[in-house]
Protein chains: 2
Amino acid sequence: MKKVGEPAPKTRLLRAAAALLAESNGEPVSTRQVTEAARVSAPTLYHHFGDKEGLFDAVVAEGFSEYLGAERSLPTSGQPIEDLRMHWDNHVQFGLDHPHLYLVMFGNIRPERRPSMVASAEAFLEEVLARAAEASRLVVTPHEAARSMLAANIGVTLMLIAEPAAKRNLELSAMTREAVISAVATTSESDPVTETEGTPSVVVAAIALNAALQSSHPDQLSSSELKLFLEWLQRISSRSGS
Amino acid sequence: MKKVGEPAPKTRLLRAAAALLAESNGEPVSTRQVTEAARVSAPTLYHHFGDKEGLFDAVVAEGFSEYLGAERSLPTSGQPIEDLRMHWDNHVQFGLDHPHLYLVMFGNIRPERRPSMVASAEAFLEEVLARAAEASRLVVTPHEAARSMLAANIGVTLMLIAEPAAKRNLELSAMTREAVISAVATTSESDPVTETEGTPSVVVAAIALNAALQSSHPDQLSSSELKLFLEWLQRISSRSGS
DNA sequence: CACTTCATATAACGCCGCTATAGGTGCTAC
DNA sequence: GTAGCACCTATAGCGGCGTTATATGAAGTG
């Protein structure tokens with residue numbers, strides 16, 4: 001057993017690589033930088049990780065298990081749809097917290113040697129969606145829903161990472177999140193798939209009012225009231241059909 | 001003026017770089033490969049492009065102008081929403097046709113030095129969406145809508161590129177496309193709100209929704225929520241002129 | 001102790017991006 | 001026509017990179 005005073009070279013390499021990746025702004029990190037920072041010689045790196053890619057794969061795997069751990073430890077609200085929102089937001093937040101790691105994980109996808117992590121993320125999301133499916137809240141299979149949600153989630157996160165932290169607009173995330181969720185699930189408490197009976201005119205009118213409210217805010221409602229009102233309006237508007 | 005028999009070295013470099021990038025499966029392309037393929041010596045490359053990055057920026061810029069050209073030359077169907085679908089599909093198709101180019105364009109985004117192309121793509125999409133807005137079909141600003149759509153579009157395309165061509169399921173694209181579009185725009189064909197004047201349209205739409213709700217209660221809202229919702233709706237409907 | 005096994009180090013190879021320097025090549029001025 | 005001048009291209013090489021052949025130490029086992 002090692003004392004904490006001096007971690008093993010393998011650990012030092014991993015930490016140094018992770019730290020350098022996080023610092024060096026997207027530029028590639030050289031093995032020499034890493035071995036120097038870990039106070040270790042080149043062959044040690046190759047002994048433990050095989051090659052540079054192996055080292056950074058390990059870094060990414062560690063980051064990913066941190067991500068998955070965080071995802072798995074999120075509480076279950078009991079409301080599957082609310083859970084979906086939570087996991088979406090958690091994904092985005094992880095990307096913003098570890099931008100360079102995230103870019104390696106989800107941005108630099110090489111076909112063929114596809115990161116198994118993306119598949120794992122998909123599988124995990126599918127689990128959450130399966131719970132929603134059990135509650136009869138899905139209008140597509142959990143597999144399809146997971147892929148669509150993950151794709152949009154990654155796209156949004158990449159876009160947010162790409163722009164300066166100062167002018168990041170998280171509304172992009174919320175808006176896209178609701179879009180995908182409402183296409184994939186029904187938000188109704190009861191009797192999910194009515195679709196046939198509901199009078200379409202309600203939906204049409206709700207959409208119209210929603211649109212009208214975008215350009216002109218009524219002064220009869222306070223801003224907090226308006227916020228909730230719009231949310232409900234959107235719920236009504238997005239009754240899933242097709 | 002050069003005959004076509006032997007393009008200028010600059011052109012040869014560009015073509016060689018583009019070809020090598022398309023062939024070499026995601027692995028980096030070396031300047032030596034490029035100069036050799038272009039039958040040119042190293043300093044020529046640096047004379048014309050300054051830098052390896054400059055060369056590949058040029059390749060990407062060419063690919064991007066091909067993309068934008070294709071986008072701009074798409075016919076306008078006259079139906080803004082249908083146009084949105086067309087441009088979405090065109091984006092995905094471009095990514096699948098030029099996967100490696102696409103990954104460099106939209107996958108490897110480096111913060112700071114943000115590819116101006118992503119911004120251009122966003123701007124172009126915003127134009128299309130502005131047309132939809134003029135037809136009163138948007139429920140959010142064209143800017144927000146463009147960002148959300150582009151983010152989802154990129155996410156979907158990256159995911160499709162990442163998986164083997166054989167088992168690609170374009171339904172992922174269609175499904176996500178409809179999700180985002182329906183969140184951003186109304187799909188109703190007829191006169192959502194007559195928009196001709198600013199404020200009255202809100203009142204008109206509110207009255208219409210109120211009327212529709214009398215005959216059919218939406219299941220997206222609980223009864224207590226509905227009660228409050230109707231109350232607010234009435235407040236909006238009874239706005240005294242203005 | 002001899003022996004194996006693992007972990008680390010020295011020193012070097014070959015490829016890479018890039019450049020200091022210099023040599024054509026074609027145009028304009030006289 | 002040739003001197004001057006920009007432009008374009010080539011020879012040769014530097015320093016940094018990923019990687020490895022080889023050797024040395026350290027730790028457990030008979």
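A note on names: the letters A, B, ... follow the listed sequences, proteins ahead of strands, and every chain is numbered from 1. Worth knowing before you read on, the calculation uses all heavy atoms, side chains too, and leaves out hydrogens, waters and symmetry mates.
- Ion pairing of B/E134 with B/R131 is absent here, as no side-chain N (NZ or NE/NH1/NH2) approaches a carboxylate O to less than 4.0 Å.
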Once base and sugar-phosphate atoms are separated, protein heavy atoms under 4.0 Å mark nucleotides 13-20 of chain D, 5' to 3', with B, S and - as B---BBBB
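- Closest non-hydrogen pair, B/N153 versus B/Y102, comes out as O-OH, 4.3 Å.
- Put simply, CZ on B/F49 is 13 Å from C1' on D/dC8, counting in whole angstrom units.
- Side-chain atoms of B/Q93 and B/D89 form no donor-acceptor pair, as typed in the model, at a separation below 3.5 Å.
- Checked by atom type and distance alone, the side chain of A/E27 never pairs as donor or acceptor with a backbone atom of A/S24 at under 3.5 Å.
- When side chains are defined from C-beta on, A/E178 counts as touching A/R85, because their heavy atoms get closer than 4.5 Å.
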Under 3.5 Å, which N/O atoms of the protein pair with N/O atoms of nucleotides 5-7 of chain D?
none

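- Environment of CZ in B/R15: sparse, with no more than 12 heavy atoms of neighbouring residues, nucleotides or ligands closer than 6.0 Å.
- A distance-only check finds a donor-acceptor pair linking the side chain of B/S77 to the backbone of B/Q79 [under 3.5 Å].
- A/T44 and A/P9 make their closest contact through CG2-CB, 4.2 Å (heavy atoms, listed as atom of the first residue, atom of the second, distance).
- Distance alone, capped at 3.5 Å, is enough to place a donor-acceptor pair between the B/T35 side chain and the B/T31 backbone.
- With salt bridges taken as basic N to acidic carboxylate O contacts below 4.0 Å, none links B/E126 and B/R147.
- For the ring-ring contact (aromatic ring centres under 6.0 Å, His included) condition, the pairs that include at least one residue of residues 26-76 of chain A, sequence neighbours left out, are A/F64-A/Y67, A/Y67-A/H91, A/Y67-A/F94.
- If one axis is set at each end of the helix from C/dC1-D/dG30 to C/dC30-D/dG1 from five pairs, those axes are 10° apart, to 10°.
- Partners of B/E36 by salt bridge (Lys or Arg N to Asp or Glu O under 4.0 Å), not counting sequence neighbours: none found.
- Put simply, chain B comes within 4.0 Å of DNA chain C, heavy atom to any atom, from C/dC16 to C/dA20, going 5' to 3'.
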